[in-house]
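See structure below.
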Amino acid sequence: MSRIPDKPTPDGLEDRWIARWESDGTYHFDRSATRDEVFAVDTPPPTVSGSLHVGHIFSYTHTDLVARYQRMRGKHVFYPMGWDDNGLPTERRVQNYYGVTCDPSLPYDADFTPPEEPADPAIPISRPNFVELCLRLTEIDEQAFEELFKHVALSVDWRHLYTTISPEAQRVSQRAFLRNLARGEAYSAEAPTIWDVSFGTAVAQAEIEDRERPGAYHRIAFPRTDGEGDIEIDTTRPELLPACVALVAHPDDERYQPLFGSTVGTPLFGAEVEIRPHELADPEKGTGIAMICTFGDTTDVTWWRELQLGLRAIVDRDGRLKPVEWGSPGWECGDPATAQKAYDELAGKYLNQAKRRIVELLDEGGHLRGEERKITHPVKFFEKGDRPLEIVTSRQWYIRNGGRDDDLRQLMLGRGEELVWWPHYMGARYRSWVEGLNGDWLISRQRYFGVPFPVWYPVGEGGAVDHDSPIVPSEDRLPIDPTTDAPDGFDESQRGHPGGFVADPDVMDTWATSSLTPEIAGQWEDDPDLFARVFPMDIRPQSHEIIRTWLFATVVRAHFEFDSLPFRNSTISGWILDPDRKKMSKSKGNVITPMGLLEQYGSDAVRYWAANGRPGVDTAFDEKVMKVGRRLAMKLLNATKFVLNLTGEDAAAGLVGGEVTEPIDRALLAELRGVVDVATRSFDDFDYARALERTEALFWRFTDDYVELVKGRAYGDGSDEAIRSAHVTLATALSTFHRLFAPHLPFVTEETWSWWQDGSVHRAPWPTVDELAAGADGDPTVLTVAADVLSEIRRAKTEAKTSLRTEAETVVVSDTDARLALLAQADRDVTGAGRVRSLSTTPAEEFSVEVTLATA
RNA sequence: GGGCGUGUAGCUCAGCUGGUCAGAGCAUCUGCCUUACAAGCAGAGGGUCGGGGGUUCGAGUCCCUCCACGCCCACCA
């Protein structure tokens, strides 16, 4: 046991064991294992756009705890890692980091080098140059991510690392899309689309959030065509008046019932619009009658579609009012010249500028009633954006998800039922999302750093692009970029020419690729043998706010492609909250960087903190818990050193599981059996926290009570048989504790294990009740009674403010006969540990101990 | 507006299918160099388990209701 240091410390264990695990391939996946022998993890690929924070450490540790447990249970753990580097977050980071902006019309500049400092104003660069910078920057981040994850001992098989922008991931993504397209599950359509004017791209329903914003009601009078007065409506979007195509009120609203079918003129523009009934109109809001504009919000889209109204689109893709020719088809009005004059005051202005101006115009024209009334109301934003979303009509790609098809919706709800949710109530998030879907999944983005749609369109002889007959590549060509690759049967010279082709310019949303993480990690079609061994996966760990995006989308893709779930269990982790119980996030500036914590407390201590967070429960960030974790790690080191010293050189050889004769030794093993059982069942239910809590509780009793009680015997005080019994029990317990703690404290347990065992503790078998057979008939009360008495002796010494070394002259224990009988089975250990000269007992109803201390 | 969750010692949290369930750790206080550990050890004080009803022989534990907080969803007039 020369390997045991004099002063054990958790510091520095990380570097040594990380290197060792890497060289030994401790966490390598054995791909000869069959599916039932495999435990596969659909690891969440973190977004590569900056740095990881403690929240990542928290949730990724949870997954690792389960992976390590399963590995020790004998499963072949498939535990890949991925980096989600494609998509808007990376683009945005690159723009800020280098001070560049992507202009797809520019040619590639092979000599371009980014500025040292972010350029201001931003330098426009070509799409290929832009993509190069994205790749360069993400690579830097990804190296830091990998180092951090290794440092917290994620037992990932790093040979199975993927990135979502890699050619392999693009191939999977494009292949899945083409198959969706071939089966009719993907389609393109020209339709009103929720649009972010800052990023210049369409966004999906799942990426929208409401934010409370100040606004104001303006009451506008619409003159009735029959001259019988005005209809007053309230609106927060007066700038959309030129886009008004109808007024709408509830069919049961008696105030407006007589008016349904009649018309009014729009103020300033004189367009004649009809008053229509629709259930979505709310009699309680405003004046109970609203103007329908194309388009102010998604309700407008519903009304427009269901009432089959005309289209007057005025918002362009930059969020400005576009030029309109009043009097032309679709823009009929009573007096085109007047309408045009008014509109020209607005055209070219951004929406909020147009709003101010039109209010002035309305006011001057006497069309406003009363003062504007300021309110705050929910406004829809792209979750990554900072300007309100608009709705513009554009051609986009969609994947069906049940949002417009109730049969499919029911099937998707069924998948949610089939999936096992941990915690179980998280299934409600999925259900409410699927039930609330109001359209198919919009997957195209008018962006640059993503997976291109593998699609071209034929250009007719007249130069018209035929979007309804896309040209697709064969799967063996994938991945392709249609903007640089030509379709089969064409050559590059035909690009953009009559009779030739054009590329689809868009890229897929990042969720359209990350919804395929099981397929990407499992190398679907590229390595069918591997895929068959790992798919569907066992767990999908993730946080709850992306159930509607990542989880749901992954279920949709697997449903279509494999008619199965992509994973059996969904393990949802909570959030890390700062001490004010707010979610930690970069935008709030309350993020704590993880590397400093890992270095200060040690990785095991930080993992201990993470492991204390219950599955699915938001947890406060608390460094005090890390201190406790560090103390536990330290205790494990010292206790191991001590126990191995007590048991002697032969601790490893044959002692574990040997014969145990003393009742108090059997009592400890009986307790240990209970903990092994609970820890095992807890881990089977992904409750790593309970496993730790129970293990830890017994471990402290082990060191504070059991070891104290038996150390005299273990040192040699007693019969050979009794000494041997203590040695066997200590070694058995130590081996069990090392393995029970191994998932939580991988570094110290590996260290302590190495002092007396061969191989990695992380490849050792998970302890079982059967190994602890000697405790099967043990009575735990023996240990309890002995510890109770010892505790009373300690109390007497403490209250006398004397050292625990002080001898007790006499100790008289009063207790029930049953307990006294059990105490008798351990009395020699008790007198030894308590330094008692004379121990006697008297029967009594209540437990009490009378201690007379020896005078010093 | 609908749904889900949380509310237990100053703090962070355990308390699984109702009967040692009133707990742990931290913090506080009092002590102790005890042949593993002073980044340690021994001990003490501290809570009418969010409020109010109810079921029960018995309720943090089940039911109802209210309050507070968090999250998810919901058509921006």
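We name chains A, B, ... by the order of the sequence lines, and we start the count at 1 in each one.
- Among the nucleotides B:G31, B:G43, B:C76, the one closest to the side chain of A:D297 is B:C76.
- Among the protein residues, A:N612 comes within range of no part of the nucleic acid, since none of its heavy atoms lies under 4.0 Å from any strand.
- Nucleotides B:A68 and B:G51 place their P atoms 15 Å apart, quoted to the nearest Å.
- Under a 4.0 Å N-O distance rule, the pair A:D230/A:R369 qualifies as a salt bridge.
- For B:A36, the base has a donor-acceptor partner in the side chain of A:E708 [N/O atoms by modelled type, under 3.5 angstrom].
- Nucleic acid contact class of A:K635 (heavy atoms, under 4.0 Å, all strands): base.
- Using a 4.0 Å cut-off, some side-chain N or O of A:R548 falls inside it from OP1 or OP2 of B:C73.
- We find that CG of A:D210 is positioned 6 Å from P of B:C76, with the value rounded to whole Å.
- Glycosidic conformation, B:G60: syn, with the torsion inside 90° of 0.
- Both tests hold for A:R211 against A:F381: distance to the six-membered ring centre under 6.0 Å, angle to the ring axis within 45°.
- Of the C1' atoms belonging to B:A27 and B:G45, the separation is 13 Å, rounded to the nearest Å.
- Checked by atom type, the side-chain pair A:E846/A:S848 shows no donor-acceptor distance below 3.5 Å.
- Within 4.0 Å of A:S791, counting heavy atoms only, lie sugar-phosphate atoms of the nucleic acid but no base atom.
- When heavy atoms are screened at a 4.0 angstrom cut-off, A:Q205 is found touching the sugar-phosphate backbone but no base atom.
- Summary of the strand contacts: A:G436 and A:R429 both lie near RNA chain B, and taking for each the nucleotide with the nearest heavy atom, the more 5' one is attributed to A:R429.
- Separation of the C1' atoms belonging to B:G46 and B:G53 is 30 Å when rounded to the nearest angstrom.
- Evaluated for a ring-ring contact (aromatic ring centres under 6.0 Å, His included) with A:H744, the options A:F737, A:F683, A:W609, A:Y608 yield exactly one hit, A:F683.
- Residue A:W575 contributes atom CH2, which lies 12 Å from atom C1' of B:G5 at whole-angstrom precision.
- Residues A:W303 and A:S432 each lie close to RNA chain B; by heavy-atom proximity, the contact nearer the 5' end of the strand is made by A:S432.
- A distance of about 15 Å separates the P atoms of B:C62 and B:C49, rounded to the whole Å.
- At B:A14, none of the side-chain N or O atoms of A:R694 fall inside 4.0 Å of OP1 or OP2 (strictly under the cut-off).
- The partner of B:G31 is B:C41, by the rule that a Watson-Crick or G-U pair needs both atom distances under 3.5 Å.
- The phosphate of B:C75 (OP1 or OP2) has no side-chain N or O of A:K285 nearer than 4.0 angstrom.
- Under the 3.5 Å distance criterion, with hydrogens and angles disregarded, no donor-acceptor pair is assigned to the side chains of A:Q205 and A:W441.
- Within the 4.0 angstrom heavy-atom criterion, no nucleotide atom of any strand lies near A:T302.
- When both pairing distances are held under 3.5 Å, B:G70 makes a Watson-Crick or G-U pair with B:C4.
- Under the Watson-Crick and G-U wobble criteria, each requiring two contacts below 3.5 Å, nucleotide B:G58 is left unpaired.
- The CZ-C1' distance, from A:F642 to B:U35, rounds to 8 Å in whole Å.
- Residue-level contact check: A:W700 touches the backbone only, with heavy atoms under 4.0 Å from sugar-phosphate atoms and none from bases.
- Here A:N438 reaches the OP1 or OP2 of B:C75: one of its side-chain N or O atoms lies under 4.0 Å away.
- In this structure B:G18 sits in no base pair that meets the Watson-Crick or G-U test at under 3.5 Å.
- Side-chain N or O atoms of A:T287 include one that pairs as donor or acceptor with a backbone N or O of A:E232 at under 3.5 Å.
- With C1' as the reference atom, B:U6 and B:C13 are 13 Å apart, rounded to whole Å.
- At the heavy-atom level, A:L804 lies under 4.0 Å from base atoms of the strands shown.
- Remark: the separation of the P atoms in B:A44 and B:C63 is 37 Å, to the nearest Å.
- Between the P atom of B:G5 and the CZ atom of A:R431 lies a distance of 10 Å, rounded to the nearest Å.
- Residue A:K380 places no side-chain atom within donor-acceptor reach of the base of B:C76, judged by atom type and a 3.5 Å distance cut-off alone.
- Atom C1' of nucleotide B:C37 and atom CD1 of A:I4 are separated by 14 Å, given to the nearest angstrom.
- Rounding to whole angstrom units, CZ of residue A:R795 and P of B:U30 are separated by 18 Å.
- Annotation: B:C21 and B:A59 have their P atoms spaced 16 Å apart (nearest Å).
- Here A:G296 lies in heavy-atom contact (under 4.0 Å) with a base.
- Taking the C1' atom of each, B:C11 and B:G7 are spaced 15 Å apart, rounded to whole Å.
- A:H377 and A:E212 form no side-chain donor-acceptor contact under 3.5 Å, judged by distance and modelled atom types alone.
- For the 3.5 Å distance criterion, the side chains of A:T640 and A:H738 qualify, holding a donor opposite an acceptor.
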(request) Starting at the 5' end of nucleotides 18-28 of chain B, put B wherever the base has a protein heavy atom under 4.0 Å, S where only the sugar-phosphate does, and a dash everywhere else. (result) -------SS--

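- Closest to the side chain of A:W433, from the set B:A36, B:C73, B:A42, is B:C73.
- Counting to the nearest Å, the C1' atom of B:C37 and the CG atom of A:L637 are 10 Å from each other.
- To the nearest angstrom, P of B:C16 lies 20 Å from CZ of A:F683.
- Side-chain contact, A:E671 with A:Y706: no donor N or O sits under 3.5 Å from an acceptor N or O.
- Nucleotide B:G25 forms a pair with B:C11, judged by Watson-Crick or G-U wobble geometry with both contacts under 3.5 Å.
- Looking at residues two or more places apart in sequence or on another chain, you find a ring pair (Phe, Tyr, Trp, His ring centres under 6.0 Å) between A:Y430 and A:W421, A:F552.
- Note on A:Y715: a side-chain N or O is less than 4.0 Å away from OP1 or OP2 of B:A36.
- Distances were taken from every side-chain heavy atom of A:P378 (C-beta onward) to each of B:G5, B:A36, B:C76; the shortest belongs to B:C76.
- OP1 or OP2 of B:A36 has not a single side-chain nitrogen or oxygen of A:K641 nearer than 4.0 Å.
- Checked by atom type and distance alone, the side chain of A:H544 never pairs as donor or acceptor with a backbone atom of A:G574 at under 3.5 Å.
- Taking side-chain N and O atoms only, A:S803 has no distance below 4.0 Å to OP1 or OP2 of B:G31.
- Aromatic pair A:F741/A:F699: ring centres closer than 6.0 Å.
- Looking at the side chain of A:T299, the nearest of the listed nucleotides B:C75, B:C76, B:G43 is B:C75.
- Among the atoms of the strands shown, none is found under 4.0 Å from any heavy atom of A:A800.
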